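Hydrogens, waters and symmetry mates are skipped; everything else that's a heavy atom, side chains included, is used. None of the values given here were measured: they were computed from a predicted structure.
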Amino acid sequence: MKWIDGNQINFKQYTGEMLCEKLSSEMWKSCKMEQWSEWVDFIQVAYFIIAFDTELTMEGIFTFLENSIGHYAPQIIWAFREIGDVNDANVLEEICTLCPPDFMRGEFLEGNHQEYEITSFNENHELREEIVERIINLAGKLYLNTDFDIWQLLFDFVDRKIAAL
């Protein structure tokens with residue numbers, strides 16, 4: 001199988017935790033985000049969760065919605081569900097319904113099929129104050145702001161996928 005840089009890798013030599021550590025140390029220099037669809041599913045899951053965690057930890061939810069990683073919100077929500085983290089999937093999904101990442105980056109185009117709450121924005125296409133407060137409240141329910149250990153879920157998920165190879 002191929003690693004994120006395109007080289008062959010024997011996943012069996014790693015635990016889930018070791019592989020996630022390798023991914024987190026190499027993902028920003030070894031690949032382009034656009035390559036994600038070429039990777040095996042469990043690497044995609046780990047990649048999107050680690051990328052989301054990095055963005056959220058360093059910059060916060062509004063920067064996530066404005067930056068290019070926000071474009072991958074559906075994949076991040078899928079990744080949360082894959083590891084069994086329904087809460088974070090649902091919270092992020094609700095945040096993205098209130099404020100679609102494509103809209104925040106000024107890339108919202110007619111015909112975009114992402115549903116969103118049009119009443120979230122004022123006449124200047126800015127988020128209304130009560131929506132900003134709602135998003136802040138929802139972001140407080142994400143794993144980073146609770147005692148929930150998402151990492152063990154991710155490591156166990158990757159362990160199971162490696163064992164099944």
Side-chain angles (χ1 to χ4, degrees), residues 1-105 112-116 135 137-165:
M1 300 186 123
K2 290 188 178 185
W3 183 238
I4 62 173
D5 62 4
N7 291 320
Q8 291 294 317
I9 186 171
N10 176 6
F11 290 117
K12 294 268 189 187
Q13 68 182 333
Y14 296 96
T15 65
E17 184 172 0
M18 289 170 46
L19 196 60
C20 287
E21 287 174 8
K22 178 178 176 56
L23 179 61
S24 67
S25 69
E26 296 178 16
M27 65 191 271
W28 303 111
K29 60 183 175 188
S30 296
C31 68
K32 294 189 187 318
M33 189 174 278
E34 298 81 24
Q35 297 171 314
W36 67 269
S37 63
E38 300 170 13
W39 308 328
V40 294
D41 68 334
F42 66 93
I43 295 300
Q44 291 179 37
V45 166
Y47 179 86
F48 284 117
I49 289 175
I50 293 167
F52 177 74
D53 181 77
T54 302
E55 182 73 24
L56 210 60
T57 300
M58 292 176 61
E59 303 293 338
I61 192 66
F62 292 103
T63 300
F64 162 78
L65 293 167
E66 293 174 357
N67 283 348
S68 61
I69 187 70
H71 178 72
Y72 297 97
Q75 289 83 3
I76 296 165
I77 293 165
W78 163 76
F80 282 134
R81 292 193 198 293
E82 284 293 300
I83 67 168
D85 182 4
V86 176
N87 177 69
D88 287 306
N90 291 344
V91 169
L92 184 57
E93 193 168 55
E94 187 172 348
I95 288 170
C96 290
T97 300
L98 292 169
C99 181
D102 289 342
F103 193 94
M104 287 297 290
R105 288 194 322 275
N112 184 335
H113 298 294
Q114 184 175 6
E115 293 183 26
Y116 66 97
I135 290 170
N137 180 283
L138 285 166
K141 296 177 182 179
L142 291 168
Y143 68 93
L144 275 172
N145 301 306
T146 68
D147 291 331
F148 187 68
D149 184 6
I150 189 173
W151 302 112
Q152 196 57 56
L153 277 180
L154 178 59
F155 301 154
D156 291 347
F157 170 81
V158 175
D159 280 336
R160 287 191 305 275
K161 293 295 188 168
I162 291 171
L165 293 176

Worksheet item: Are a donor atom and an acceptor atom from the side chains of Glu55 and Asn67 found within less than 3.5 Å of each other?
Response: yes
Practice prompt. Taking ring-ring contact (aromatic ring centres under 6.0 Å, His included) as the test, write out the residues that go with Phe11, two or more places apart.
Written response: Phe42
Worksheet item: Looking at side-chain heavy atoms only, is the closest gap between Ile77 and Phe48 below 4.5 Å?
Response: no
Discussion item. Does any part of the side chain of Leu65, heavy atoms only, come nearer than 4.5 Å to the side chain of Cys96, both counted from C-beta?
Written reply: yes
Worksheet item: What pairs meet the side chain to side chain donor-acceptor pair (under 3.5 Å) rule with one or both residues in residues 43-53, with sequence neighbours excluded?
Response: Asp53-Tyr143
Worksheet item: Is the shortest heavy-atom distance from the side chain of Trp39 to the side chain of Ile4 under 4.5 Å?
Response: yes
Discussion item. Counting C-beta onward and ignoring hydrogens, is there a side-chain heavy-atom pair between Ile50 and Thr54 closer than 4.5 Å?
Written reply: yes
Worksheet item: Are the side chains of Leu98 and Leu138 in touch, meaning some heavy atoms are under 4.5 Å apart?
Response: yes
Discussion item. Taking the side chain as everything from C-beta on, heavy atoms only, tell me whether Ile150 gets closer than 4.5 Å to Phe52.
Written reply: no
Item to complete: Using the side chain to side chain contact (heavy atoms under 4.5 Å, CB included) rule, take Leu153 and Phe80 through it: C-alpha gap first, then chi angles, then the decisive distance, then the call.
Response: CA-CA 9 Å; Leu153 277 180; Phe80 282 134; over 6 Å; no
Item to complete: Report yes if the side chains of Phe157 and Ile49 come closer than 4.5 Å at any heavy-atom pair, otherwise no.
Response: no
Worksheet item: In terms of side-chain geometry, is the basic nitrogen of Glu93 or Arg81 positioned less than 4.0 Å from the acidic oxygen of its partner?
Response: yes
Discussion item. For the residue pair Asp156 / Gln152, report whether a side-chain donor-acceptor contact shorter than 3.5 Å exists.
Written reply: yes
